[in-house]
There are 2 protein chains.
Amino acid sequence: MARPPRFDTPLLLDVAVRLAAESGPSGVTMSAVAAYAGAPSGSLYHRFAGRSALLAEVWLRTVEGFQEGYFAALKSSEDPRAAGRAASRYVVAWSRAHPDEATLLLYGARDFGQDDWSAEHLRRAEEGNRRVLTSVRELAEAVGASDAQDVERVSLALIDIPLSLIRRHLRGGTPLPPHAEALVEQCTDALLDRPADSPGRKPRMS
Amino acid sequence: MARPPRFDTPLLLDVAVRLAAESGPSGVTMSAVAAYAGAPSGSLYHRFAGRSALLAEVWLRTVEGFQEGYFAALKSSEDPRAAGRAASRYVVAWSRAHPDEATLLLYGARDFGQDDWSAEHLRRAEEGNRRVLTSVRELAEAVGASDAQDVERVSLALIDIPLSLIRRHLRGGTPLPPHAEALVEQCTDALLDRPADSPGRKPRMS
DNA sequence: ATTGTATTGGAGATTGGTCTCTAGAACATG
DNA sequence: CATGTTCTAGAGACCAATCTCCAATACAAT
């Protein structure tokens with residue numbers, strides 16, 4: 001018993017993603033989204049309490065969409081090394097499939113106005129962070145991490161390195177090369193090696 | 001034969017750096033800088049042609065300041081592996097010494113309005129990129145890189161990995177831990193290893 | 001002292017973005 | 001067909017930021 005929507009939430013968020021990828025978070029203004037979607041501003045404020053709400057939702061939808069598959073990859077194998085490689089590969093594959101959203105992910109929540117988010121939005125963000133943290137910790141232990149430095153190294157291997165590669169290409173405008181998956185896998189693998197107890201490096205095994 | 005400046009360029013750029021670190025590039029507004037410095041807007045527009053000019057200068061000054069020591073570190077040793085480790089360590093040390101500027105560096109030139117920069121500012125940016133690229137390529141060859149994938153791996157090892165670690169801490173609000181240098185050195189070292197026969201690679205000799 | 005110049009100081013025009021508000025359109029259901 | 005509800009549609013108030021402009025000021029050099 002209601003008028004059918006002409007501009008629903010997912011559509012508006014899609015527009016927001018596109019704008020964010022093109023001009024950064026600051027380019028995601030209510031008027032820009034409205035103009036791009038061909039919607040009146042009233043429709044925007046009907047869906048979102050305000051600009052911060054829209055920014056929060058576009059960020060959270062993207063992050064949560066990414067994480068869904070990421071967790072699956074992290075748990076895709078009994079062997080923690082294989083699981084780590086799968087996770088790295090997933091980051092690249094997902095970014096290839098969703099370049100705009102990947103561009104968005106390279107920013108931080110703070111850039112999307114986190115300071116003005118509602119309690120509920122903050123909770124969702126917090127929840128995601130928590131889940132990632134525990135998953136990474138689990139894998140780090142399985143791979144033999146013993147101290148904070150090891151856990152940090154594993155975090156780099158599983159998250160930051162793949163994202164670095166993505167950033168390098170998305171920022172440079174070059175498309176992700178075909179060998180990207182192989183490269184991150186190789187990097188992740190190198191960093192998951194249990195470091196010998198001395199500052200020197202351990203001999204390679206293959 | 002002129003009135004002595006009360007708000008000179010470096011001072012205003014310092015303020016801009018601080019604002020950028022606190023609230024991102026979009027927080028660097030002419031009025032915010034003026035207010036923070038206690039300067040009238042006229043003084044700002046006397047120094048900078050406009051907001052894009054200010055953004056360009058604060059970005060370029062920071063990047064060039066960083067690169068100065070970075071190049072020195074890259075050439076600090078005959079042994080390319082040692083030079084690479086030194087470069088990584090430098091990134092961390094510099095970031096520790098200049099947290100605000102490091103925060104700024106984690107954004108991209110585009111976030112600082114690169115699209116509206118003057119030709120001269122674009123040239124300076126280009127020049128910096130070129131120098132970094134050639135230095136990294138040199139080191140990559142010295143370490144045995146044979147194809148584009150190898151060069152990319154070396155770029156990750158020398159630039160992206162250290163910056164990733166910085167990003168992780170600066171975004172999280174945690175201070176850089178004392179073991180940060182050791183960690184990045186270890187990571188860089190692992191990635192500089194010539195991959196003998198990793199899965200799916202054909203060693204094409206140089 | 002006078003002159004020339006770089007700078008301060010700030011008023012105000014203009015733009016662009018956020019958000020509010022109200023009128024009415026489109027549909028499901030009774 | 002009447003009613004209730006969701007949504008569109010857009011006018012316009014409000015505010016913050018950019019930028020222009022000009023008078024006033026502080027100093028150096030002559």
Side-chain angles (χ1 to χ4, degrees), chain A residues 1-59 107 110-118 121, chain B residues 1-59 107 110-118 121:
Chain A
M1 42 156 128
R3 175 177 181 170
R6 211 154 85 84
F7 311 98
D8 60 352
T9 304
L11 169 77
L12 295 175
L13 289 182
D14 288 346
V15 171
V17 165
R18 188 165 198 97
L19 286 172
E22 272 170 19
S23 357
S26 66
V28 185
T29 67
M30 296 304 258
S31 15
V33 173
Y36 202 106
S41 72
S43 296
L44 269 179
Y45 284 93
H46 180 67
R47 307 276 170 192
F48 306 100
R51 183 173 183 249
S52 344
L54 180 134
L55 286 177
E57 302 233 11
V58 71
W59 169 260
Y107 288 95
R110 170 152 284 130
D111 297 316
F112 282 80
Q114 192 178 30
D115 295 348
D116 309 318
W117 287 4
S118 72
H121 285 143
Chain B
M1 44 154 128
R3 173 175 185 170
R6 213 155 82 83
F7 311 97
D8 60 352
T9 305
L11 170 76
L12 295 174
L13 289 182
D14 288 345
V15 171
V17 165
R18 189 167 198 97
L19 286 172
E22 271 170 19
S23 356
S26 66
V28 186
T29 67
M30 296 304 259
S31 17
V33 173
Y36 201 106
S41 71
S43 297
L44 268 178
Y45 284 93
H46 180 67
R47 308 273 172 195
F48 307 100
R51 182 169 184 253
S52 345
L54 181 140
L55 286 176
E57 302 234 10
V58 71
W59 169 261
Y107 288 96
R110 168 150 286 131
D111 297 315
F112 282 81
Q114 193 178 29
D115 296 348
D116 309 317
W117 286 3
S118 72
H121 284 143

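To find a chain, count down the sequence lines: A is the first, B the second, and so on, and within it residues start at 1.
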### Query
Say you draw a straight line from CH2 of Trp59(B) to CD of Gln114(B); how long is it, rounded to the nearest 0.5 Å?
8.5 Å

### Message
Expressed as a whole number of angstroms, how long is the span from Asp8(A):CG to dC27(C):P?
### Response
15 Å

### Message
Just so I know, are the side chains of Val15(A) and Leu19(A) near enough to count as touching, which here means a heavy-atom distance under 4.5 Å?
### Response
yes

### Task
Determine whether Tyr45(A) and Met30(A) make a side-chain contact, defined as any pair of heavy atoms from C-beta on separated by less than 4.5 Å.
yes

### Task
Using a 4.0 Å heavy-atom cut-off, write out nucleotides 18-28 of chain D from 5' to 3' as B (base contacted by protein), S (sugar-phosphate only) or - (no contact).
SBB----BBBB

### Task
Whole angstrom is fine here: how far is it from CZ in Phe7(A) over to P in dA26(C)?
13 Å

### Thr9(A): side chain to side chain contact (heavy atoms under 4.5 Å, CB included) partners, not counting sequence neighbours
Leu13(A), Arg47(A), Phe48(A)

### Task
With the side chain counted from C-beta on, respond yes when Tyr107(A) and Asp111(B) share a heavy-atom pair under 4.5 Å apart, and no when they do not.
yes

### Task
Quickly work out the His46(A) NE2 to dT20(C) P distance and round it to whole Å.
14 Å

### Task
Provide, to the nearest angstrom, the distance between the CG atom belonging to Leu44(B) and the C1' atom belonging to dG10(C).
13 Å

#### Entry: Nucleotide dT18(C), atom P - distance to CZ of Phe48(A) in whole Å
13 Å

### Task
State whether Arg6(A) places a side-chain N or O below 4.0 Å from either non-bridging phosphate oxygen (OP1 or OP2) of dA26(C).
no

### Task
Not counting sequence neighbours, which residues clear side chain to side chain donor-acceptor pair (under 3.5 Å) with Arg6(A)? List them please.
none

### Query
Does Ser43(A) put a side-chain nitrogen or oxygen below 4.0 Å from OP1 or OP2 of dT8(D)?
yes

